[in-house]
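Since the structure comes first, as C-alpha cells, the remarks are kept for the end.
Reckoned from all heavy atoms, side chains included, excluding hydrogens, waters and symmetry mates. Only a predicted model underlies this, so the values are computations on that prediction, with no experimental measurement involved.
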Protein chains: 2
Amino acid sequence: MKIDSRLSSVLHALLHMAERGSPLTSDELACCMRTNPVVVRRTMGFLRKAGIVSSSKGHAGGWSITADLTQVTLRQLHEVLGEPAVFAIGNRHERPECLVEQSVNAALDGAFQEAEALLLDRFSQITLAQLAEDFACRFDQTRPKKD
Amino acid sequence: MKIDSRLSSVLHALLHMAERGSPLTSDELACCMRTNPVVVRRTMGFLRKAGIVSSSKGHAGGWSITADLTQVTLRQLHEVLGEPAVFAIGNRHERPECLVEQSVNAALDGAFQEAEALLLDRFSQITLAQLAEDFACRFDQTRPKKD
DNA sequence: ATTTCACGTAATAAATAAAGTTACATGAAA
DNA sequence: TTTCATGTAACTTTATTTATTACGTGAAAT
C-alpha cells in the first residue's frame, strides 16, 4: 500500500523554515526531504492557499511561514491538504444493496469513525510550536557538553 | 489511494456462509462480492490456514465455516489477513537521520499508535455472531408484515 | 473408468494513485 | 537584461492491489 506522506513532508518543511529565518527555496526543501522541487511546490501550494506560508520569486526568494506557530495544528494541515483518506483498509462497496454487506459496513464504519475521531483529536492538540520545541530538545541532547 | 477491502470481503463471505448451511463455491461468493473466484480462493485461503473455514473439492464442494461464530472477532480476522497497514497516511521516512524529521515522526507515530490501538480494540469486541445477529435484525425489518 | 465439478496456485496483466520529471511561463531582484 | 525562483500543466515512473488466465489436484456423480 502506498501511503500519503504529504503531512509528514510539510511538517518537515515547516520546521526547517521555522529554524531558518530567511526563505527556503523549493530546491533546498526538496534536498532535505529527498524529493523533487516540483513536488515541494505542489504540496506547499496547499499551505499557501490557506495562508500558512508565502512564496516569493526571484533572488532571495522561496518559502516563508506567515502563520503563528502556536496556532497551526496538525489537524489544520491535514484539512489543508484536502483531508486525504486516513485508513488503508475499508469497505468493499460504500453503499451496498446486500443486507449482509450493510451489516458488515455498519460495524466497520463504527470502528473506523471512532479511530479517526481520536486521531484527528490528537492532531488538533499538536501545534507547530510544540514540534519546534521538541526538536530543540533533541538538538540540545546532541550537544551535551555545551554548558 | 487504493484501500485494502479484504477484511470487508471476508466478513461478507463469512456471513453469507453462516446464513446458508451448505458449502458455498468460490464462484458463488465471487458473484455476491462482485469479484473474481480466484481472488476469493486466495483471500479465503488465509482463513483456511487459520482454521476458520474449510474447503472441499468436487461436487457439492465449496467453503464452510468451521469456527464458532461467537469466538471469531474482527481483530482475529485482521491478524489472519496478515495485519495489513491500517493507515493510508504516514511518515515519509521511517528512520530519518534528520532531527527535525525525527520530531515530526515521533509526534505522528504517537497519534497513529493511539488510533490504531483503539481501532484494534473495537475490532476485538465484535464477533461474527454479533454481525450475524445484526443482519437478522436488518432482515426482519424488510419484512414487517410477517406476523 | 471417466466425466464433471471445485479448489490450489503460479504467472501475468490491468488498474490505480502517489511521486517524480520535464517543460515552459511568470515575475522579482541584481 | 540576465539570473533566479515560483506556478502549473502534462507526462512518466513506481509501487501495490486486484483481476485474469492457465493448468494442476482431487472428490463425487454417472
Report, one line per pair, each donor and acceptor closer than 3.5 Å where one atom sits in a side chain of residues 115-132 of chain A; sequence neighbours left out.
from, atom 1, to, atom 2, distance (Å)
A/D121, OD2, A/Q125, NE2, 3.1
A/R122, NE, B/E114, OE1, 2.9
A/R122, NE, B/E114, OE2, 2.8
A/R122, NH2, B/E114, OE1, 2.8
A/S124, OG, A/D121, O, 2.6
A/T127, OG1, A/A129, N, 3.4
A/T127, OG1, A/Q130, N, 3.2
A/Q130, OE1, A/T127, N, 3.0

Gap between atoms CG and P, on A/L29 and C/dA19 respectively (whole Å): 16 Å
Please report, to 0.1 Å, the donor-acceptor pairs under 3.5 Å made by any side chain of residues 76-91 of chain B, with sequence neighbours excluded.
from, atom 1, to, atom 2, distance (Å)
B/E79, OE2, B/R75, NE, 3.4
B/N91, ND2, B/D109, OD1, 3.0

For A/S56, all residues meeting side-chain hydrogen bond (donor to acceptor under 3.5 Å, both in side chains), sequence neighbours excluded: none
Interatomic distance, B/D4 CG vs C/dT16 P [rounded to whole Å]: 16 Å
Atom pair CD/OG of B/E101 and A/S9 - distance to nearest 0.5 Å: 7.5 Å
Please set out all donor-acceptor pairs under 3.5 angstrom arising from side-chain atoms of residues 10-20 of chain A, sequence neighbours excluded.
from, atom 1, to, atom 2, distance (Å)
A/H12, NE2, A/H16, NE2, 2.9
A/R20, NH2, A/E28, OE2, 3.4

Under 4.0 angstrom between B/N36 side-chain N/O and D/dT20 OP1 or OP2: yes
Distance in angstrom units between A/N91 CG and D/dT17 P, rounded: 18 Å
B/F135: ring-ring contact (aromatic ring centres under 6.0 Å, His included) partners, not counting sequence neighbours: B/F139
Strand contacts (DNA chain C) in residues 7-16 of chain B, 4.0 angstrom heavy-atom criterion: none
B/T35 side chain near D/dT18 phosphate (N/O to OP1/OP2, under 4.0 Å): no
Per-nucleotide protein contact string for nucleotides 2-10 of chain C (B base, S sugar-phosphate only, - none; heavy atom under 4.0 Å): --BBSBBBB
Protein-nucleotide distance (A/F46, atom CZ; D/dT6, atom P), rounded to Å: 17 Å
Rounded interatomic separation in angstrom, taking CD1 from B/I3 and P from C/dA17: 10 Å
Enumerate, atom names and distances included, each donor-acceptor pair closer than 3.5 Å involving a side-chain atom of residues 59-67 of chain A, sequence neighbours excluded.
from, atom 1, to, atom 2, distance (Å)
A/W63, NE1, A/S26, OG, 2.9
A/T66, OG1, A/G51, O, 2.8
A/T66, OG1, A/I52, O, 3.1

By side-chain hydrogen bond (donor to acceptor under 3.5 Å, both in side chains) - contacts of A/R6 (at least two apart): A/D4
Between A/D27 and A/T25, a side-chain donor and acceptor under 3.5 Å: no
Between P of C/dG20 and CE of A/M44, the distance in whole Å: 15 Å
